[in-house]
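Shown next, in structure tokens, is the structure this report addresses.
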2 protein chains.
Amino acid sequence: MQQDTRTALLDSAERAVRTRGFDGFSYADLANDVGIRKASIHHHFPTKAALSVALMKRYHEEFSLALARIDATSSSANLRLAAVIEHYKTALHGGKTLCLCVSLSTSLESLPPEVSIQISQFRAMIIEWLAKVFEDGAKQDTIRSVQNPSAEATAMLPLLEGAQLAARAQQDSGIFDAAVQLLKLRLAGP
Amino acid sequence: MQQDTRTALLDSAERAVRTRGFDGFSYADLANDVGIRKASIHHHFPTKAALSVALMKRYHEEFSLALARIDATSSSANLRLAAVIEHYKTALHGGKTLCLCVSLSTSLESLPPEVSIQISQFRAMIIEWLAKVFEDGAKQDTIRSVQNPSAEATAMLPLLEGAQLAARAQQDSGIFDAAVQLLKLRLAGP
DNA sequence: GTCTATACAAAGATAGAC
DNA sequence: GTCTATCTTTGTATAGAC
């Protein structure tokens with residue numbers, strides 16, 4: 001029933017980064033959480049910097065998969081947009097956790113330069129996906145008032161991240177809903 | 001020419017929190033920056049928790065003053081909204097610093113409960129101000145398509161914060177502009 | 001109000017046995 | 001792959017002299 005240690009460490013570290021920030025947890029915390037000694041962690045991730053890179057790598061891969069799943073299951077653009085909004089809301093865990101990318105962004109100075117690049121790539125990937133959705137939404141007329149799909153996508157990612165941040169700041173996921181409600185009003189009804 | 005030590009410490013600490021996060025700096029950093037020994041800091045702020053409270057208190061006061069100045073100098077709602085957008089952009093310092101409130105929000109678990117309350121109050125203050133601006137903008141017709149001023153205000157603060165975050169993530173203040181451009185298009189021209 | 005000196009705990013990391 | 005043991009540095013904080 002027990003998954004491998006490396007995965008357990010990544011899971012624990014991701015939870016920690018997203019709730020307390022990269023400088024807010026230690027190898028001792030992970031060791032305690034996973035049930036091994038902290039020296040053993042260095043076998044999997046020689047440095048905390050290496051761990052941060054591994055975290056972003058996995059996060060990017062899993063997020064890409066999630067978007068692909070949305071593409072596969074939601075036919076029209078309005079449904080795809082609603083699904084990604086829901087994805088960000090779920091990721092909040094009721095106001096406890098942020099997107100990994102947001103959490104790491106605030107601690108950028110404690111991280112290796114490689115993570116900056118990973119974050120840029122992660123953001124570019126999402127914005128590209130969103131732009132495609134807005135483009136489709138304009139064509140299908142399932143998303144209203146779309147003038148410039150690329151501009152919409154560039155503005156929407158910060159809105160989602162800001163909505164998470166705001167919800168977390170007050171530990172209330174209702175604030176996330178309030179922040180995205182104007183956007184949702186532009187989606188064609190069911 | 002030298003301001004008092006307490007103020008110098010607050011300045012240094014605010015810069016540190018906004019660039020590296022609350023867990024990303026130490027009393028040693030402050031001491032080095034201000035030019036005293038770290039033991040001396042405890043005379044002004046007995047604990048780091050106390051420092052965080054003092055930081056948020058001053059930030060709230062200064063932000064209120066900035067909004068009052070905008071009210072005093074900008075007559076119409078579109079100009080006031082443009083001014084607060086500009087305020088957030090300036091606060092970025094070219095992609096280096098976040099709003100103190102955003103930075104502290106991500107480290108909430110390392111902070112005394114009092115700071116959570118201060119952050120909520122700070123956010124409520126800004127949202128109230130924004131709602132008034134949207135309300136005026138709708139009446140004057142200097143901000144387009146305003147259906148619900150309160151909803152607009154609730155969505156705009158996360159957008160501004162998310163725009164800062166996004167710009168900082170890639171150390172590029174142009175991203176801030178891109179994130180708020182759709183909003184700006186709704187303001188009446190000069 | 002600032003200093004030196006120090007306490008004490010926690011941090012990231014390494015060496016080497018099993 | 002995990003352990004014990006240890007190193008070194010850094011963190012927050014205190015005591016007491018000046």
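Protein chains get the first letters and strands the later ones, always in sequence-line order, with residue 1 at the start of each. These numbers come from a predicted model, not from an experiment. These numbers come from the heavy atoms of this one structure, side chains and all, not from hydrogens, waters or symmetry mates.
- The distance between atom CD1 of A/Ile36 and atom P of C/dC18, rounded to the nearest whole Å, is 21 Å.
- Both A/Ala28 and A/Ala39 lie close to DNA chain C; mapped to their nearest nucleotides by heavy-atom distance, the more 5′-ward contact belongs to A/Ala28.
- More than 12 non-hydrogen atoms from other residues, nucleotides or ligands lie less than 6.0 angstrom from CD of B/Gln140.
- For the OP1/OP2 pair of C/dT2 and a distance below 4.0 Å, the side-chain nitrogens and oxygens of B/His43 include no atom meeting the criterion.
- Rounded to whole Å, the distance from OH on B/Tyr27 to P on C/dT2 is 14 Å.
- The side chain of B/Ser26 contributes no N or O atom lying less than 4.0 Å from OP1 or OP2 of D/dT10.
- The side chain of B/His42 places no N or O atom within less than 4.0 Å of a non-bridging phosphate oxygen (OP1 or OP2) of C/dG1.
- Summarising the geometry, the separation between CG on B/Leu111 and P on D/dT12 is reported as 13 Å, rounded to the nearest angstrom.
- When the C1' atom of D/dT2 is taken as reference, atom CZ of A/Arg6 falls 17 Å away, rounded to whole Å.
- Atom CZ of B/Arg37 is surrounded by 12 or fewer heavy atoms from other residues, nucleotides or ligands within 6.0 Å.
- A donor-acceptor contact shorter than 3.5 Å links the side chain of B/Asp29 to the backbone of B/Ser26.
- No side-chain heavy atom of B/His44 sits less than 4.5 Å from a side-chain heavy atom of B/Thr7.
- Here the C1' atom of nucleotide D/dT12 and the CG atom of B/Leu30 are 12 Å apart, to the nearest Å.
- In this structure, the NZ atom of B/Lys38 is 12 Å from the C1' atom of D/dT14, given to the nearest Å.
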Side-chain polar contacts of residues 149-167 of chain A - donor-acceptor pairs under 3.5 angstrom, sequence neighbours left out - could you list them?
from	atom 1	to	atom 2	distance (Å)
A/Glu152	OE1	A/Arg186	NH1	3.3
A/Glu152	OE2	A/Arg186	NH2	2.8
A/Thr154	OG1	A/Ser150	O	2.8
A/Glu161	OE1	A/Arg123	NH1	2.9
A/Glu161	OE1	A/Arg123	NH2	3.4
A/Glu161	OE2	A/Arg123	NH1	2.8
A/Gln164	OE1	A/Cys99	N	2.8
A/Gln164	NE2	A/Tyr88	O	2.9

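- When the P atom of C/dA11 is taken as reference, atom CG of A/Asp29 falls 6 Å away, rounded to whole Å.
- Note on B/Phe25: only backbone sugar-phosphate atoms sit closer than 4.0 angstrom, heavy atoms only; bases stay farther off.
- The distance between atom CD1 of A/Ile41 and atom P of D/dT4, rounded to the nearest whole Å, is 13 Å.
- When the side-chain nitrogen and oxygen atoms of A/Thr47 are compared with OP1 and OP2 of C/dG12, none of them lie within a distance under 4.0 Å.
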